[in-house]
Amino acid sequence: MKKNLILDYAHTLLKANISKIDIVVDATMGNGFDTIFLSSLCNKVYTFDIQEKAIEETSRKIKELKINHVELIFDSHENINNHVLNYKAVIFNLGYLPNGDKSITTHALSTISSISSILPKLPVGGFIQLVIYTGHDEGKKESIAIQSYLNHLETDTYKVVKIELPFQDNYPPYILMIHKVKDEN
Ligand SMILES: C[S@@+](CC[C@H](N)C(=O)[O-])C[C@H]1O[C@@H](n2cnc3c(N)ncnc32)[C@H](O)[C@@H]1O
């Protein structure tokens with residue numbers, strides 16, 4: 001087990017749901033840990049961030065590891081569909097870059113705009129994974145807004161799974177998996 005149980009669970013869920021033929025998007029590249037993990041599971045990873053620091057750090061890591069099937073994209077996750085035509089899954093690890101500028105964080109409006117543009121493009125069997133942090137103000141707003149958006153999804157088409165640490169102090173992160181189980185009408 002890794003030090004962060006929720007991140008460990010998030011990776012276990014990715015392993016269970018992604019195969020070697022899949023194309024997957026990391027919507028929030030950050031320091032590249034999730035991107036590199038994804039690259040070990042699938043055929044191709046497209047990874048996005050709006051900070052040069054994230055691109056530089058992840059680019060350095062994938063070169064060092066000689067990983068060739070990762071494409072780094074310096075753009076907001078709101079524009080995923082402008083860069084990638086098909087994908088099995090999109091993952092979001094929300095919030096700000098660890099050890100980076102805490103003012104550059106994900107935001108409720110743009111995260112929801114991305115989710116709503118991704119869902120119709122997912123194949124049946126595809127999914128979005130979100131790791132959500134409520135220990136900072138924007139994260140709290142984002143968490144509430146995402147849950148209220150998901151509450152209105154068609155439940156025959158999308159099944160949402162939540163994994164959390166209900167009895168722990170200090171606002172631990174939690175996971176939402178949005179599985180597409182049927183085509184939209
Ligand atoms: C918690 S970090 C991600 C950690 C990362 N998955 C890793 O393995 O290191 C969140 C990242 O989201 C990025 N971000 C914020 N808004 C974004 C947006 N609209 N589009 C893409 N990335 C964004 C931030 O710059 C930050 O690097």
Side-chain angles (χ1 to χ4, degrees), residues 1-15 17-18 23-42 44-65 67 69-84 87 89-119 121 127-143 145-146 149 163-164 170-178:
M1 280 282 174
K2 291 177 197 140
K3 254 181 18 204
N4 187 322
L5 186 67
I6 284 293
L7 291 182
D8 196 23
Y9 260 89
H11 281 192
T12 301
L13 291 166
L14 295 178
K15 225 180 194 167
N17 286 284
I18 292 171
I23 295 171
V24 182
V25 176
D26 183 352
T28 55
M29 171 194 321
N31 289 318
F33 294 109
D34 294 321
T35 292
I36 289 166
F37 180 72
L38 280 176
S39 76
S40 71
L41 305 175
C42 69
K44 173 102 187 176
V45 184
Y46 294 89
T47 183
F48 289 74
D49 210 290
I50 50 169
Q51 287 194 68
E52 273 177 41
K53 195 168 182 261
I55 304 276
E56 280 162 17
E57 179 58 19
T58 305
S59 170
R60 186 187 65 73
K61 285 188 178 126
I62 62 169
K63 267 188 206 131
E64 218 169 86
L65 294 166
I67 296 171
H69 56 299
V70 171
E71 193 169 322
L72 290 82
I73 300 166
F74 183 38
D75 198 356
S76 169
H77 52 59
E78 293 162 278
N79 301 320
I80 286 171
N81 292 339
N82 296 344
H83 299 272
V84 194
Y87 38 79
V90 180
I91 72 162
F92 292 79
N93 187 330
L94 299 175
Y96 48 80
L97 195 57
N99 307 319
D101 181 347
K102 293 191 176 171
S103 71
I104 308 175
T105 184
T106 55
H107 289 275
L109 273 183
S110 51
T111 300
I112 288 169
S113 154
S114 292
I115 295 171
S116 66
S117 70
I118 292 162
L119 288 176
K121 300 264 297 172
F127 66 93
I128 296 178
Q129 180 184 80
L130 297 140
V131 177
I132 302 175
Y133 298 80
T134 57
H136 63 116
D137 286 349
E138 189 53 41
K140 277 193 190 76
K141 286 186 210 153
E142 204 174 20
S143 167
I146 291 168
Y149 171 80
I163 295 174
E164 61 186 341
N170 298 326
Y171 306 103
Y174 69 94
I175 301 169
L176 290 176
M177 293 284 289
I178 311 166

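Every number for a ligand or one of its atoms is a count from 1 in the order of the listing. The structure presented is a predicted model; accordingly, all values stated were derived computationally and were not measured. Residue numbers count from 1 along this sequence.
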Correct closest heavy-atom pair for S143 and I132 would be CB-CG2, 3.7 Å
Which heavy atom in I6 sits nearest to a heavy atom in P173, and how many Å separate them?
-> CG1-O, 3.4 Å
Numbering as shown, the atoms of ligand 1 that approach [X] to under 4.0 Å (heavy-atom distance):
| X | result |
| --- | --- |
| L97 | 26 (C), 27 (O) |
| D34 | 5 (C), 6 (N), 7 (C), 8 (O) |
| N31 | 7 (C), 9 (O) |
| M29 | 5 (C), 6 (N), 7 (C), 8 (O), 9 (O) |
| F33 | 7 (C), 8 (O), 9 (O) |

Using heavy atoms and a threshold below 4.0 Å, how should the contact between [X] and ligand 1 be classified: side chain, backbone, both, or neither?
| X | result |
| --- | --- |
| S114 | neither |
| Y133 | neither |
| H107 | neither |

Distance to 0.1 Å, residue and atom name: give those for the protein heavy atom nearest to atom 25 (O) of ligand 1.
-> D49 OD1, 2.7 Å
For atom 15 (C) of ligand 1, which protein heavy atom lies nearest, and how many Å away is it?
-> T106 CG2, 3.5 Å
Exercise: do E142 and T111 side chains pair donor with acceptor under 3.5 Å = yes
Is a side-chain donor-acceptor pair under 3.5 Å present for T134 with Y174?
-> no
Purely on distance, is any nitrogen or oxygen of [X] under 3.5 Å from one on ligand 1?
| X | answer |
| --- | --- |
| Q51 | yes |
| Y96 | no |
| L94 | no |
| H77 | yes |
| T35 | no |

Kindly indicate whether a cation-pi arrangement holds for K44 with Y87, taking the cut-offs as under 6.0 Å to the six-membered ring centre and within 45° of the axis.
-> no
Options N79, I55, I50, ranked by nearest heavy atom to atom 17 (C) of ligand 1, top entry | I50
Of S76, G95, A27, which has the heavy atom at the shortest distance from atom 19 (N) of ligand 1?
-> S76
Is the closest basic N to carboxylate O distance between E56 and R60 below 4.0 Å?
-> no
Measure the shortest side-chain to side-chain distance between I104 and L97 over non-hydrogen atoms and say whether it is less than 4.5 angstrom.
-> no
Tell me, do D49 and T58 make a side-chain contact under 4.5 Å, heavy atoms counted?
-> no
Relative to each other, are the rings of H83 and F48 parallel, tilted or perpendicular (30° and 60° limits)?
-> perpendicular
Among D26, I128, L176, I146, the one residue meeting side chain to side chain contact (heavy atoms under 4.5 Å, CB included) with F92 | I128
Given T47, which of T28, V25, V70 fulfils the side chain to side chain contact (heavy atoms under 4.5 Å, CB included) condition?
-> V70
